[in-house]
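Worksheet: one structure, shown below.
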Amino acid sequence: MPINNLTDLQGQIERVTYTNDENGYTVAKVKVYGRRDLVTIIGNIVNPTPGEVIKMKGEWGNHPKFGEQFKIAFCQTTTPATVYGIEKYLGSGLVKGIGPVMAKRIVKMFKEETLNIIELEIDKLADVEGIGKKRIGMIKHAWEEQKEIRAVMLFLQSHGVSSGYAAKIFKQYGNDAIKIVQENPYRLATDIFGIGFITADKIAEKLGFAKNSDLRAGAGILFVLHEMTDEGHVYYPYEPLIVKCKEVLDIDREVIVKALGTLEVDKEIVIEDMNQDLEAFQENNKAVYLIGYHIAETSLAARLKRLLTTPQAIREIDSEKAIQWVQDKLSITLADKQIEAVRSAAGNKVMIITGGPGTGKTTIITAILKIFSALKTKIMLAAPTGRAAKRMSEATGHEAKTIHRLLEYNMKKRAFDKNDEKPLDCQLLIIDEASMIDTLLMHHLLIAIPLTATFILVGDVNQLPSVGAGNVLRDIIDSGVAPVVELNEIFRQAQESSIIVNAHRINQGLSPNLKANPDKLEDFYFIEQEDPEKVLELIISLVKDRIPQRFGLKQGTEIQVLTPMHRGIVGAGNLNIELQKALNPREDGVLRGGRTFKVNDRVMQIVNNYDKEVYNGDIGRITLIDEEAQELTVIIDDRRIVYDYSDLDELVHAYAVSIHKSQGSEYPAVVIPILIQHYILLQRNLLYTGVTRGKKLVVLVGTKKALAIAIRNNKTEKRYTLLRQRLAGR
């Protein structure tokens, strides 16, 4: 826009319709003097707040759908001067401790002088009903903080970073925020969740950091290694790592090699020389680990070997007598494989039980618990997620905890209290859903297990590997260090479930039976549709009306949409937008990062938060939004978790989630789109994992061709890990 052709406009922000924290892009309604109707403005504004007076330069335009709009080229906001504007400004959630009701009371008493009173004579607020010393302190702190945050916001926006991260940056660094960012902007990428290397790199460039600086090269390497762990790799081969770093950083090999050496000296990475005969290293002979992952993998292997060779605390069991006894006690007849599993548990320090749904894993756990309980054994049960632990408790009648709770995370120390110095008080530990356990968590678990204890891992090795780095269950099985009992017989009762029968058919590379009886309520359906737009409409109809009406399941809590992808029309992102519109159309909510969070929304935690004891993949429901305290309450596994507004980037909507994130969960009903557009992600273990999440009902929507591609594709994504080789004793 040529500056000479721009129009001046001034008004007061009435409400913010949309704002994107990433780039500050905002759609807002503004009250302009002399105009009866509110004016729609669009453009980039730093932290737009209702009540602010905004001076703009821009041009008028006409949107075919939304009508007349003023497109901002430049703008400046100032604090409001009118009583109405001040009330709007204070009640907008700008200052913690002042909501709409309190704002009205304060402004009624102090009128146009309100902001000066808060700034210069804040103790006078004690004259307002409902404001005591404690609240005055809270308001004073919040007022000062928001001024600092605004300064940080202005600085960051001038260097191309999202204004939405300002509160997090301020929370992390306090008044030193600007100084720290100027000295080393790359710290943002490692210190603050949500700010990646790419954003930090843009700031660094604007601050004058050279493209080939050692600081940039080192930060870039760490960024690439973290990206690789996000993809499931525990290490990455040296030469391919250099190639990836060159692509990301666009700098010479020599600079990267030098930076790798510096990072190794600084103990941020480990570069391990490998034997040439290992198949993982035919093309090169070095593995590059982030230091924490190297410690975890080597310690995990060493500890498991020690556990295997240390005599057990439990007295020797006559397994044949025990098997006969437990069958009598439980009034059951164990199948051959189940007898083998119970015999193995009685005679081994470490063992693995793996098998799909309906193969009797729970029966085996119950039998093992019965035998060991009779010997007065100290027993502990755990699973990776709250939902899996709850299911384990319900199925066995014994208390089961999440692994994180079992290990007692200490918020002050930022570490688990249970370790090799303070081990778990148990003689038998059984872990369910073991395929979900990643390298880091298994390391922490193993160092906390007493060396004399018996350790039993139960899981389904054919599911997707853990969300975190590694392929622990598969590596332990493939290493051959511990006995494995693989269950493959579906029991008669389970054979009545089409979900279980079809899951096993998929796992064997066979097509599921797609013929449903129209006169009978089945538990497995396939609806053929290849148009993604129509698939989206079908999914909304199924979740909102068809499944609740036909099966009596609740739309908001009992039906989960699972999808292979994040992007696209039927990816998790778009599905969540459309399902929220259909299932929770209420207007009010909190706008953060382009998402509107509303009461009753289904949401998911996307990062481990040890302070709150919530973990990546945990799903809950928003029950309360407190504008005054700027907090949002979510119920997760019957626990109330409170989120500050600045922490909301840890939450996403969960009307639809990726199949990967659904691991360890069971839902009464699942709806899964499966289309050719998902081609690169169509894999047998992905489809198998998705189908096995459904307890009472599974509905696939898509094409038979996409289904066939997924079933045929049994190539699992390679994960770089050396746990198998370390265990096998190379």
_Test item: Ile622 and Thr633 side chains (from C-beta on) under 4.5 Å apart, heavy atoms_ = no
_Separation between CD1 of Ile477 and CD of Glu486, rounded to the nearest 0.5 Å_ = 7.5 Å
*How long is the gap from CD1 on Ile674 to OG1 on Thr563, to the nearest 0.5 Å?*
10.0 Å
*Assess whether side-chain hydrogen bond (donor to acceptor under 3.5 Å, both in side chains) is satisfied between Ser665 and Arg387, documenting all intermediate values.*
CA-CA 6 Å; Ser665 302; Arg387 294 178 302 283; 2.5 Å; yes
*So, do Pro512 and Leu707 sit near enough that their side-chain heavy atoms are less than 4.5 Å apart?*
yes
*Kindly compute the distance separating CD1 (Ile323) from CD1 (Ile371), expressed to the nearest 0.5 Å.*
6.5 Å
*Criterion side-chain contact (heavy atoms from CB on, under 4.5 Å) against Gln605, the qualifying member of Val652, Val634, Leu651*: Leu651
*Is the closest side-chain donor-acceptor distance between Ser498 and Asn502 under 3.5 Å?*
no
*Is any side-chain N of the basic residue among Glu613 and Arg405 closer than 4.0 Å to the acidic one's carboxylate O?*
yes
*Return yes if a side-chain donor-acceptor contact under 3.5 Å exists between Asp611 and Tyr409, otherwise no.*
no
*For the residue pair Phe524 and Glu522, establish whether any side-chain heavy-atom pair is separated by less than 4.5 Å.*
no
*Just by distance, do the side chain of Lys361 and the backbone of Gly355 share a donor-acceptor pair under 3.5 Å?*
yes
*Is the count of non-hydrogen atoms from other residues, nucleotides or ligands lying under 6.0 Å from Lys695 atom NZ greater than 12?*
no
*Is the side chain of Thr377 donor-acceptor paired with the backbone N or O of Gln427 at a distance under 3.5 Å, no angle test?*
no
*With Arg639 as reference, evaluate Ile641, Ile635, Ile636 under the side-chain contact (heavy atoms from CB on, under 4.5 Å) test and give the passing residue.*
Ile641
*Enter the distance from Leu445:CG to Ile447:CD1 here, rounded to the nearest 0.5 Å.*
9.5 Å
_One pair to check against ring pair (Phe, Tyr, Trp, His ring centres under 6.0 Å): His444 and Phe416. What are the steps and the verdict?_
CA-CA 8 Å; His444 288 297; Phe416 291 112; 5.1 Å; yes
*asked:* For Ala374 versus Trp325, what's the shortest heavy-atom pair and its separation?
replied: CB-CH2, 3.6 Å
_Salt-bridge contact Arg343-Glu320 (side-chain N to carboxylate O under 4.0 Å)_ = yes
*Determine whether the aromatic ring centres of His294 and Tyr235 lie less than 6.0 Å apart.*
no
*If you round to the nearest 0.5 Å, how far is CG of Leu308 from CZ of Arg303?*
12.0 Å
*Does some side-chain heavy atom of Leu429 sit less than 4.5 Å from a side-chain heavy atom of Leu406?*
yes
*Please check if atom CD in Glu421 has more than 12 non-hydrogen atoms from other residues, nucleotides or ligands closer than 6.0 Å.*
no
*Do Arg621 and Asn600 have side chains that get closer than 4.5 Å, going by heavy atoms?*
yes
*Establish, from distance only, whether the side-chain atoms of Glu650 and Asn609 form a donor-acceptor pair under 3.5 Å.*
yes
*Distance (rounded to the nearest 0.5 Å) between Met351 CE and Phe455 CZ*: 12.0 Å
*Between Thr439 and Leu723, is any pair of side-chain heavy atoms under 4.5 Å apart?*
no
*Under 3.5 Å side-chain donor-acceptor pair for Ser393 and Glu399*: no
*Is the closest side-chain heavy-atom distance between Glu433 and Thr385 below 4.5 Å?*
no
*Would you call Glu666 and Arg693 a salt bridge, using N to O less than 4.0 angstrom?*
no
*Taking atom types as modelled and ignoring hydrogens, do the side chains of Ser435 and Asp460 form a donor-acceptor contact shorter than 3.5 angstrom?*
no
*Salt bridge flag under 4.0 Å for residues Arg391 and Asp432*: no
_Check whether Tyr643 forms a cation-pi arrangement with Lys612 (NZ or CZ under 6.0 Å from the six-membered ring centre, at most 45° off the ring normal)._
yes
*asked:* Using side-chain hydrogen bond (donor to acceptor under 3.5 Å, both in side chains), reason through Gln312 and Thr454 one step at a time and then give a plain yes or no.
replied: CA-CA 7 Å; Gln312 63 183 13; Thr454 295; 3.0 Å; yes
*Are the side chain of Lys349 and the backbone of Thr310 linked by a donor-acceptor contact shorter than 3.5 Å?*
yes
_Salt-bridge contact Glu272-Arg726 (side-chain N to carboxylate O under 4.0 Å)_ = yes
_Run the ring pair (Phe, Tyr, Trp, His ring centres under 6.0 Å) test against His660 and tell me which residues pass, sequence neighbours left out._
none
*Non-hydrogen side-chain atoms of Leu542 and Val701 separated by less than 4.5 Å*: yes
*asked:* If the threshold is 4.0 Å, N to carboxylate O, is there a salt bridge linking Asp637 and Lys390?
replied: no
